[in-house]
Structures are given as structure tokens and as C-alpha cells.
Amino acid sequence: MSVTPIEQGAPLADEESENAATGTNIALPLLSAIIGLGIWEGAVRFFEMPTYLLPAPSLVATILVQRWAILLEQFGYTAMASVVGLAIGLALGIGTGTAISASKIAERMLYPWLVITHAVPKVVVAPLLLVWIGFGVKAEIIFVIIFTFFPILVSTVTGLKSADPELLQLVRSMGGRKGQTLLKIRIPGALPSIFAGIKISATLAPVGAVVGEFVASNKGLGHLLVVAVGNFDVPIAFAAVTVISVFGIAIWYLAELLERLAIPWHASQRTTIAGT
Amino acid sequence: MSPPVVFDSVEKIYASSKGRIHALGPVSLTFEPMATTAIVGPSGCGKSTLLRLMAGLERSSRGTILVGEKRVTDPLTDVGIVFQRDLLLDWRTVLDNTLLPAELKQLPRKEMVLRAQSLLNELGVGDFADRRPWELSGGMRQRVAIARALLCHPSLLLLDEPFSALDALTRDQMGVILQRAQGAERVTTLLITHSIQEAVLLSDRVLVMSGRPGRVLDDIAIPFPRPRPLSLRESPEFGAIAGRIRTLFEQTGVLAA
């Protein structure tokens, strides 16, 4: 017995228009950035602004080249604290989120504490951490964990709890046990939500590291920033901010790349439309 | 061979903060092995509840349900269910979606892949085994859902309005495909539908349900030999049975006369 298929999914657009769209996606933001920097450069020169107030982008670029060694060294500390803290934050967030969604007891016991912890302003905790942990990279990493833990936790719980009840009933009728349902249904189905949380946490990781360096470290770009502003060396402060920003953008795109590789099947990643 | 299914004075009452809803019954029925029984009735008459009770996905408030000698108290694991939505997993290929029940039951993959591919071929979607569900049309997706339901040779095939989201032409096509699959698989089937024509065309017996709480208004044996062509719907005998069901709905106020 054989039946002719009714329809088949069709490509969304031809290759030519897809390439044109990619070109536009790159060209437009680039053009926007060039225009923005041009306005900034022009304004600084036209109003003859002192460098301790607002350095021109050309000066910031010069500082980036001239003092790359010190910026790179400090960036190494910030990047290390961000990456290690993010990894621990993600592991804790995904683990705790899975436990909360799998067990009502865990949910009732942990959730109030998590909400209270999240409600406390993170910057207020900074001096306390300095007292408890002292100066150094450990405090920085803990800051990154504090910043990154909650977004990934919430997105994990939301994702795992969003499984279709009818699908779960179907899986039960297939003999699926709780562990199998978690591995084969709930976790894959939660991945889009988990990746949304990973992207938010990834951009918060450098923020956490820099805040940690403001108060609890004598190394890293955050510390360099505080010292530079204290000395009215605003160009290097801008250079440090530029490096932190580029790092934040890079970590965001890395998370996006991982998402694309992990969930190519999700609607947000598809290049073809569904069959009708 | 599929066992008979017996409903003895089964009732279902849902309790909520707004009060109790008497959804079904009492109903007493016997579903014969290998036969296809269609249940047709108005929305909210408890058709889907009856299917869920049979699958053990819900517990009856009163009465007993027996599958063979076994009383249904927990979800049955040797049933195949197809819901209105196909519930395919986007992260799996068509073949892997079909293999899901075998994976959950930890059956040998090699053997089950052959069975899955054969079912997909039989249902006309064999060439799409390595595609993702979102690359298929609604009718094709529902055929994959039927293949998944039949994979582990279930003792019962439960179809809960499986074609109601499809267009008229695809529904007709699915009716033909389902008949062929039933002929090949010979499994006791319960078909829940809103369509009188679909019920008469595809089943050996039609149970006509009243409005809530759902009770059986009529139990009609369908005498036509199989396979049944779509043109059967134009015969006077088919029209007479469909008319009998329609009249019942008119008399009970489900359809305006």
C-alpha cells in the first residue's frame, strides 16, 4: 500500500534573496555604528571637549593599541572570572531548576529562599562578600554566580514545566517512566527556554565580574576602570569599557552559536517554513 | 489477539471549585475484539472522557472497566493513542518519532526500525523518515502519529478526533488510509468523532451519545463489507444509517430540526 504525499515543506526564500538578506543584516548595523562613531568624533572635535570628560573614539582606539598589554592582562582576569562563574551559575541554575520542576517538595522548600535571595539588591551584597570572602578572584566568581544563577534557573523551571499535558499523557500510555519522560520529552522541549536563559546569563556574567572587581579585587578591567576614573585617565577607562563591551557581545554570539547547534529544529532557528 | 473491553455502569464526575460536573454515564458497554467502534456525539458529551477512561489516563468515579480480565486502574501501556493534535516531537525525525514507544519500552531498536519503516511506507510517508515533523503537512503528520500508535502492536487503538483539524479532502484520504491500516493490523479500535459520515464509513459499530452527562442513545451495527470506498457514502443504505443518527440528534435537540 502506498499513498502519494499531499504536500512537502517548501524553502522560505531562494538562495539569492537569502544572501541579500544576510548582507543587509551585516551592512546596516555596521553603517549605523560608523555613523554613530562619526557623530561622536565630530562632536568632541567641534566642541573641543577635554579628554577627562569625553575622549574621541580615535583617542580610545589609540589607547587600545598603545596600552593593549595592560588591557589584555586585566581582561584575562575578568574573562576568567566571567567564564568560570558563568559555568558554575549555569550548572547550579539548570540543576536546581530541574530539581524544582521534578519535585514538589524541592519546589516548596527552595522557591521562597530563591525569591528572597533574588529580591536582595546584588550590589548591596558586595561589601558583605568582601567581609566574608575577602579580596580576590573568589569573590569575583561568586558575584558572577549571583548575577547569572537566577535567569537560568527561572528559564529552566519555565521550560521544564511547559511540557504539553496531553503529550505527557501520551508518553505515560507508551509506558514512559518519570526519568525517561524527563530525558526524552521535558529536557529537549525545555531547551529553547533554557537557551534564552543562557543568553541572558551570558551577558550578565561580565557585568557580575566587573561589579565584583569594583569592590573586591585589585585585578581585572573593573578594577582598572575604578583606578582610571580616580586618576581622571578617562581614555583608558573608555578603552576598558570597550573591551568589556566587545567581550559581552562575543559571549552573547557564542551563546547564540551554541543555541543554533543545539536546537536547529526550533522555530527560531529554522530556514524553511512548515508544510501545510 | 486483542481482549474485549467491558464498561460496567461507568460514570465520571469532575469536581472543581465551581461545583461538580457529571460528564459521563452511567454507561455499560462491551467492545468486541478486533472491531472498530465509533462514538459520535455533541461537544462535551464525554466522548473523549470515555476514551481516557479506557486508556486508564483517568479514573472512573463509579463502575468498573475491564480490559480482558484486568481492571483498568492505571494507564494501560499496550494501547496506541492518536489525539486531535499529532503531538510529534520537533527535535526528532519522523522515524525517531515513530520509534518513541519502542524506546520507552526498551525494545530492540534494529527490529523496531524495520517495523517503523514498514508502517511509514504503509501509511504513505516512508520517503519522509529522515525529515522533521515541521517539514510535513498536517495529514502527513497525523499519519506519522498513527504509525507511532501502531508500532508496538497495541491491544487497543484509541483515536480521539484524529482528523478533525484536517481539511475535507485530507480527511477523506485519511479515512482510506486508516481502513487499510486497520485491515493490516487488525486491532480493536475506538474512534471518537464529530462526523456522522466518518463514524459510519470507518466503523463496525456506531455508538450515538447524548449531551452531558453522556449516555448511549443508540447502538448501531454497520453492515457494510470492507474495504469501504468513499463512494459508499452516496448509497441509500449508508444514507439511511446516517439519517437515523441525524434524526436522533434532532430529537434530542443536538441538531435543530
Side-chain angles (χ1 to χ4, degrees), chain A residues 1-13 156 159-160 162-196 258-276, chain B residues 52 55-58 74-85 87-93 100-106 121-128 131-141 143 145 148-149 151-152 154 158 160 167 169-170 173-174 176-177 180-181 183-184:
Chain A
M1 176 176 105
S2 153
V3 179
T4 311
I6 304 159
E7 284 170 42
Q8 191 177 336
L12 178 64
T156 302
L160 290 173
S162 301
D164 187 324
E166 206 166 47
L167 174 62
L168 296 178
Q169 282 197 328
L170 185 70
V171 170
R172 280 181 76 194
S173 78
M174 292 173 183
R177 293 186 297 272
K178 214 172 173 183
Q180 288 178 310
T181 307
L182 181 70
L183 284 176
K184 291 183 187 289
I185 309 293
R186 285 186 187 271
I187 288 179
L191 282 178
S193 176
I194 291 173
F195 269 101
L258 287 176
E259 181 184 31
R260 205 166 301 155
L261 294 172
I263 53 167
W265 47 266
H266 190 247
S268 63
Q269 310 296 324
R270 291 178 202 160
T271 53
T272 55
I273 56 168
T276 51
Chain B
R52 285 167 192 275
L57 297 173
E58 291 184 20
D74 291 310
L76 301 176
T77 53
D78 63 342
V79 293
I81 306 179
V82 181
F83 288 111
Q84 184 178 340
R85 290 179 303 131
L87 299 172
L88 298 180
L89 306 174
D90 277 345
W91 54 89
R92 287 175 161 247
T93 62
L100 181 66
E103 278 179 33
L104 295 172
K105 292 182 168 77
Q106 295 176 324
N121 290 340
E122 194 177 303
L123 292 165
V125 282
D127 291 341
F128 298 86
R131 297 291 189 92
R132 304 275 177 170
W134 44 270
E135 294 178 281
L136 309 185
S137 68
M140 292 163 84
R141 291 176 65 112
R143 284 185 247 175
R148 180 181 63 190
L151 182 76
C152 298
L158 308 177
D160 191 359
D167 61 84
L169 190 65
T170 311
Q173 196 179 19
M174 292 300 292
V176 174
I177 290 166
R180 287 177 184 168

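Proteins get letters first, then strands, A, B, ... in listed order; numbering begins at 1 in each.
Judged purely by atom type and a 3.5 angstrom limit, Trp134(B) has no side-chain atom pairing as donor or acceptor with the backbone of Ala267(A). With Arg141(B) contributing its side chain and Leu136(B) its backbone, the two residues share no donor-acceptor pair below 3.5 Å.
Using a 4.5 Å cut-off on side-chain heavy atoms (C-beta onward), Arg85(B) and Asp164(A) make contact. Glu122(B) is not listed as a side-chain neighbour of Arg180(B), based on a closest heavy-atom distance of 4.5 Å or more.
Here the CG-CG distance, from Leu151(B) to Leu100(B), works out to 9.5 Å after rounding to the nearest 0.5 Å.
For chain B, the nearby parts of Ile185(A) are the backbone and the side chain; heavy atoms of each come within less than 4.5 Å. Looking at Arg52(B), the atoms closer than 4.5 Å to chain A (heavy atoms on both sides) all sit in the side chain, from C-beta outward. For a residue to count as touching a neighbouring chain, one of its non-hydrogen atoms must lie under 4.5 Å from one of that chain's; by this rule Gln106(B) touches chain A with the side chain only. Both the backbone and the side chain of Ile81(B) come within less than 4.5 Å of a heavy atom of chain A.
Among Leu104(B), Leu158(B), Thr77(B), the residue with the largest count of heavy-atom pairs under 4.5 Å with chain A is Leu104(B). Chain B forms the most heavy-atom pairs under 4.5 Å with one residue out of Gln169(A), Glu166(A), Gln180(A), Lys184(A), and that residue is Glu166(A).
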